[in-house]
Amino acid sequence: MLFINNDIVAQLLTMEDCIRAQEEAFRKLPTGGAMHRPRIDMYMPCDDDEGYFRWGSMEGANDGFFAIRMKSDIIYEQEYEGTRTQEKYCSRPGLYCGLILLNEVETGVPLAILNDGFLQHMRVGADSGIGVDYMAKKDARVVGMIGSGGMARTHIEAFRQVRDIERVQVFSPTRENREAYAREIGEKYNIEVIPVDTPEAAHRGADIIAGC
């Protein structure tokens, strides 16, 4: 059985491959060639008076493999400049626990346990990239990005796979985060990334709106 951490996944998984694999799986859903169970969450009180424990899992099968994704989080809220956000951690803030157990359908044998931190961001970004490919106009160039975390990063990577993105207008409640995102994404892809002060400013003139 393999134990595959986030660093290994980051070295091997490309956004192009992630989009292709998911699109192939989505095409099989109507005929039963692939299947999935959406995420179900369970909640319990914990010693953190400001938070609670949440266990989440989701399952799917495709191409002879079955996977279950499992998440163990402490959920809490915090306020920044009048905006309340939901945050999570495992063990302590800054650490997270998401695992994927991969099994072979033909034999039932467990094949691997994977950290899902990097994979999850790629998977959700790729899913939105597929949506943009089918739904956005062909000359879409401007993205209104709400959020500046990991998902906001992989979403732009996915959008660039399917459209010629030239400009991103990013808003998130924390000014430092959106400004850091703008610098990073602008330099990485050599595109214009503008941090803005309101969601409305992010939406204005955008061809694609992404809520991350």
Side-chain angles (χ1 to χ4, degrees), residues 1-44 46 51 53-75 86-133 147-162 181 184-185 188-189 210 212:
M1 189 174 189
L2 299 176
F3 294 88
I4 302 175
N5 63 28
N6 286 317
D7 292 338
I8 295 173
V9 177
Q11 290 175 31
L12 297 176
L13 182 63
T14 68
M15 184 56 74
E16 182 180 8
D17 286 340
C18 201
I19 289 175
R20 175 187 51 76
Q22 285 198 101
E23 190 165 12
E24 290 174 359
F26 290 155
R27 288 197 181 102
K28 297 175 185 176
L29 286 173
T31 62
M35 61 184 64
H36 76 109
R37 173 181 65 78
R39 194 174 102 189
I40 294 176
D41 291 334
M42 300 176 65
Y43 301 87
M44 292 188 67
C46 66
F53 172 78
R54 182 179 72 187
W55 171 266
S57 65
M58 56 193 294
E59 301 161 356
N62 181 42
D63 283 346
F65 301 99
F66 174 88
I68 177 168
R69 174 178 178 246
M70 302 165 285
K71 288 168 48 63
S72 180
D73 299 313
I74 302 298
I75 305 296
Q86 186 184 83
E87 308 294 338
K88 61 186 177 183
Y89 68 89
C90 181
S91 179
R92 64 178 186 271
L95 295 181
Y96 308 94
C97 180
L99 299 172
I100 298 169
L101 174 64
L102 186 68
N103 287 42
E104 187 177 55
V105 169
E106 292 299 325
T107 64
V109 171
L111 301 175
I113 291 178
L114 301 87
N115 283 127
D116 86 333
F118 183 82
L119 180 59
Q120 168 66 359
H121 285 175
M122 292 287 281
R123 180 184 69 82
V124 178
D127 183 47
S128 294
I130 293 168
V132 165
D133 196 23
S148 59
M151 292 294 184
R153 287 162 168 79
T154 54
H155 272 64
I156 292 301
E157 184 176 357
F159 295 166
R160 283 176 45 81
Q161 288 287 324
V162 298
Y181 174 91
E184 176 188 331
I185 298 302
K188 183 175 182 179
Y189 298 117
C212 296

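Computed from a predicted model, the values in this text were never measured in an experiment.
Note that the OG1 atom of Thr14 and the CD atom of Glu157 stand 8.5 Å from one another [nearest 0.5 Å]. To the nearest 0.5 angstrom, Arg69 atom CZ is 7.0 Å from Ile100 atom CD1. Rounding to the nearest 0.5 Å places OG of Ser128 at 12.5 Å from CG of Asp133. Between Arg27 atom CZ and Asn62 atom CG the span is 12.0 Å, to the nearest 0.5 Å. For the atom pair NE2 (His36) and CZ (Phe66), the distance works out to 12.5 Å, reported to the nearest 0.5 Å.
Proximity of Glu59 to Met35: side-chain heavy atoms (C-beta onward) are nowhere separated by under 4.5 Å. Taking 4.5 Å as the limit, some side-chain heavy atom of His155 sits within range of a side-chain heavy atom of Val124. Annotation: side chain of Asp17 is not in contact with side chain of Met122 (no heavy-atom distance under 4.5 Å). In this structure, Arg160 and Met15 have side chains that are not in contact, with every pair of non-hydrogen atoms separated by 4.5 Å or more. Between Leu99 and Asn115, some side-chain heavy-atom pair lies under the 4.5 Å cut-off. Counting only heavy atoms from C-beta outward, the side chains of Trp55 and Met70 approach each other to under 4.5 Å. In this structure, the side chains of Ile74 and Tyr89 come closer than 4.5 Å at one or more pairs of heavy atoms.
Side-chain N or O atoms of Asn5 include one that pairs as donor or acceptor with a backbone N or O of Asp7 at under 3.5 Å. Judged by distance alone, with hydrogens and angles left aside, the side-chain atoms of Asp73 form no donor-acceptor pair with the main-chain N or O of Lys88 at under 3.5 Å. The closest donor-acceptor contact from the side chain of Thr154 to the backbone of His121 lies under 3.5 Å. Here the side chain of Glu104 pairs no donor or acceptor atom with the backbone of Leu111 at under 3.5 angstrom. In this structure, the side chain of Arg153 engages the main chain of Ser148 through a donor-acceptor pair within 3.5 Å.
Each of Arg39, Lys71, Arg37 was evaluated against Ser57; a single residue qualifies, Arg37, per the side-chain hydrogen bond (donor to acceptor under 3.5 Å, both in side chains) test. Partner Leu119 forms a side-chain contact (heavy atoms from CB on, under 4.5 Å) with one of Leu13, Ile4, Asn6 and no other, that one being Leu13.
A 6.0 Å sphere centred on CE of Met1 holds more than 12 heavy atoms belonging to other residues, nucleotides or ligands. Residue Glu106 places its CD atom among 12 or fewer non-hydrogen atoms of other residues, nucleotides or ligands, all under 6.0 Å distant. At most 12 non-hydrogen atoms from other residues, nucleotides or ligands lie less than 6.0 angstrom from CZ of Phe65. Counting heavy atoms of neighbouring residues, nucleotides and ligands inside a 6.0 Å radius, atom CD of Glu16 does not exceed 12 of them.
Gly56 and Asp41 make their closest contact through CA-OD1, 3.2 Å (heavy atoms, listed as atom of the first residue, atom of the second, distance). Closest approach of Phe53 and Ser72 over heavy atoms only: CE1-OG, 3.2 Å. Taking all atoms of both residues into account, the shortest heavy-atom contact from Gly125 to Ala158 is O-CB, 3.1 Å. Of all non-hydrogen atoms in Tyr181 and Ala152, the two that sit nearest each other are OH-O, 2.9 Å. Asn103 approaches Gly108 most closely through the heavy-atom pair ND2-O, 3.4 Å. Nearest heavy-atom pair, Val162 versus Gly129, reported as atom, atom and distance to 0.1 Å: CG2-O, 3.6 Å.
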Requested in this report: Go through the steps for Tyr43 and Ile75 under the test side chain to side chain contact (heavy atoms under 4.5 Å, CB included), then give the verdict.
Outcome: CA-CA 10 Å; Tyr43 301 87; Ile75 305 296; 5.6 Å; no
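With respect to Asp63 and Lys28, a salt bridge is recorded, a charged nitrogen being found less than 4.0 Å from a carboxylate O. Arg20 has a carboxylate O that lies under 4.0 Å from a charged side-chain N of Glu24, or vice versa, which qualifies the two as a salt bridge.
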